[in-house]
Amino acid sequence: MEKILIVGGGYAGFYAAWGLEKKLGRGEADVTLVDPHGYMTYQPFLPEVAAGSIEARHVMVSLRGHLHRTTVIAGQTTSIDHAHRTATVRTTDGAPREIAYDTIVVTAGAVTRTFPVPGIEQEAIGLKHVEEAVAIRDQLLTAFDRAALLPPGVGRRRLLTVTVVGGGFTGVEVFGELLSLATSMLRAYPELSRDDLDFHLVDSNDRILPEVTDEPGRWVVRHLEKRGAHLHLGTQVVSAADGRIMLSTGESYGNGLLIWAAGNGSNPVVARNTDLPVDERGLVRVRADLRVGTSDAPVPHAWAAGDNAAVPDLAAAVPGARAVPNAQHAVRQGKLLAKNLVADLRGKNVQPYLHHSLGTVATLGIGHGIFQYRRLVITGFPAWLMHRGYHVLAVPTWERKIRVLLVWVSAVIFGRDIIPLSTVQRPRAAFLAGGDPFAGSDGEHPAVRPAPHDRPEPHDRPELSVVRDAG
Ligand SMILES: Cc1cc2nc3c(=O)[nH]c(=O)nc-3n(C[C@H](O)[C@H](O)[C@H](O)COP(=O)(O)OP(=O)(O)OC[C@H]3O[C@@H](n4cnc5c(N)ncnc54)[C@H](O)[C@@H]3O)c2cc1C
């Protein structure tokens, strides 16, 4: 039997495996999927998980729960040696294992792109994984509890200062959602006021949301500013050390929560640890039919799709364009990959990947959104409804759709759930300390780094200061 190995069970990998299960005859191939998580993450819902509008588990689709004819291995593929048809996988016990295959499918996605900025390693949280979304939510909710204990001033405001780096979809969506969460939280915290909130979005480009055209992009900037946010465009974060953000403009301010959403970086297994052909951005080179290689030099028995692959975009007007890394493409590529792989196994013709964009839709917080399809732009509440409608239909499996929908409906009736779960990080604390969840060996609140107000912050320094080089 042909042994097919799928590396990565996200959008493209999950849909490829699902498709193979449906299409392969009994005894035709043996499919194994390797992923460090036991689930596929529906990433477009992560901003709403961070804002507490969707339950964390509802954005995860169990691989074992839905793939009944695939062997699922919990592990991280560390290298692919296609010449010898072997992948090395580090499993949960830390042991490296070699997996032999006949055909490989590379769908390991991308990682968050970072830069060597002082402090981000210690301070920043990305937003590609559900753990990150939950930590963001818990950190912001816990900051409200702490801020409510402080008098108005620098320390309080610093706790409630949020900086998002990256004005792409991920950054703008999480920014809008958290702004909406924080504003609505004020109702439950009469000690605090709107002036205590400080939201900053930083992007090195002069505009945000490259996926929409200029005017809708400017509308989003104006919209967020009207809601009290600060947008720093054409600006870089040069330091985030010690809870203080320093911008390339010279401005600096104390910060509580830093979210890093500065785009996609190439997956290390693809960029550095494989003999498959890789382009200058660290993406696997594929042909339009999703076979690895170029039209002149296809690599036998290797396929790739999704964010880790440079897939030719045959629908683009520009020759040589590559499909943008998004879920719209990854899902369709995963499905086509399964179809083509089965056709190839049976000696039949394969099809090229061709998808015309369905447009772009983004949430900017509850009741706010933007949609664009060619020249049609819809903003505000209708766009937000379209965002929810589209994604609830797109999340895989009816079971997940219904669960997400029920939480939204219950929020309309009862309001947003604002309970943090940061104490789950130290479940034994209360048990060991006679019921006090905050007690620990170091006396530090679980899951939350030292409170910004505990750090040195000169009180005579204005909250947003311009620090100029003395020279
Ligand atoms: C916050 C956010 C919001 C988004 N919103 C939208 C949206 O509204 N619309 C849209 O179209 N797109 C959106 N996207 C983009 C979209 O989610 C991605 O383009 C899509 O997930 C890519 O699918 P993929 O299968 O290539 O990668 P992923 O879905 O990231 O899956 C990759 C999988 O590979 C696994 N993996 C990684 N490395 C290894 C390894 N070494 N070995 C084994 N397994 C590995 C990972 O655990 C993961 O399960 C959003 C992304 C984010 C982060």
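Order of appearance sets the numbers: ligands from 1, and atoms from 1 within every ligand. For this chain, numbers begin at 1 and follow the sequence in order. Just so we're clear, the structure is a prediction, and the values are computed from it rather than from any experiment.
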Minimal non-hydrogen separation, A309 against L283, with atom names: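 Answer, listing the atom of A309 first, then L283: C-CB, 4.0 Å.
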Within reach of ligand 1, part of H391 (heavy-atom separation under 4.0 Å):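 Just the side chain.
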With ring centroids as reference points, do [X] and [Y] lie under 6.0 angstrom apart?
{"X": "H301", "Y": "H82", "result": "no"}
{"X": "F199", "Y": "H230", "result": "no"}
{"X": "Y353", "Y": "H329", "result": "yes"}
{"X": "Y11", "Y": "Y42", "result": "yes"}

Distance-only polar pair, side chains of T213 and Q372, donor-acceptor under 3.5 Å: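 Yes, a side-chain donor-acceptor pair sits under 3.5 Å.
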Can you tell me which residue and heavy atom of the protein come closest to [atom], and the distance to 0.1 Å?
{"atom": "atom 26 (O) of ligand 1", "result": "D307 N, 2.7 Å"}
{"atom": "atom 10 (C) of ligand 1", "result": "A327 N, 3.3 Å"}
{"atom": "atom 31 (O) of ligand 1", "result": "G10 CA, 3.1 Å"}
{"atom": "atom 42 (N) of ligand 1", "result": "T77 N, 2.8 Å"}
{"atom": "atom 36 (N) of ligand 1", "result": "A108 O, 3.6 Å"}
{"atom": "atom 17 (O) of ligand 1", "result": "Q43 OE1, 2.9 Å"}
{"atom": "atom 21 (O) of ligand 1", "result": "Y11 CD1, 2.9 Å"}
{"atom": "atom 43 (C) of ligand 1", "result": "V34 O, 3.5 Å"}

Should we count [atom1] of [X] as having more than 12 external heavy atoms under 6.0 Å?
{"X": "R222", "atom1": "CZ", "result": "yes"}
{"X": "I419", "atom1": "CD1", "result": "no"}
{"X": "R64", "atom1": "CZ", "result": "no"}

Any salt bridge between [X] and [Y], counting N to O under 4.0 Å?
{"X": "R291", "Y": "D344", "result": "yes"}
{"X": "E132", "Y": "K128", "result": "no"}
{"X": "K23", "Y": "E28", "result": "no"}
{"X": "R85", "Y": "D102", "result": "no"}

Please identify which atoms of ligand 1 are closer than 4.0 Å to at least one heavy atom of [X].
{"X": "T107", "value": "32 (C), 33 (C), 34 (O)"}
{"X": "G306", "value": "26 (O)"}
{"X": "A12", "value": "25 (O)"}
{"X": "H37", "value": "47 (O)"}
{"X": "Q76", "value": "40 (C), 41 (N), 42 (N)"}
{"X": "A330", "value": "22 (C), 23 (O)"}
{"X": "P325", "value": "19 (O)"}
{"X": "Q328", "value": "11 (O)"}

Examine [X] against ligand 1 and note whether any of their N/O atoms are separated by less than 3.5 Å.
{"X": "Y39", "answer": "no"}
{"X": "F169", "answer": "no"}
{"X": "D35", "answer": "yes"}

Contact check, M40 vs ligand 1, heavy-atom distance below 4.0 Å: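 Outside the 4.0 Å threshold, so no.
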H129 to ligand 1, any heavy atom closer than 4.0 Å: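 Per 4.0 Å heavy-atom rule, H129 does not contact ligand 1.
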Winner among P44, P268, A323, G109 once heavy atoms are compared against atom 13 (C) of ligand 1: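 It is P44 whose heavy atom sits nearest to atom 13 (C) of ligand 1.
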Nearest-option assignment for atom 1 (C) of ligand 1, heavy atoms, candidates L33, L63, T170, I73: T170
side-chain contact (heavy atoms from CB on, under 4.5 Å) partner of T77, chosen from V89, D35, I99, V106: V89
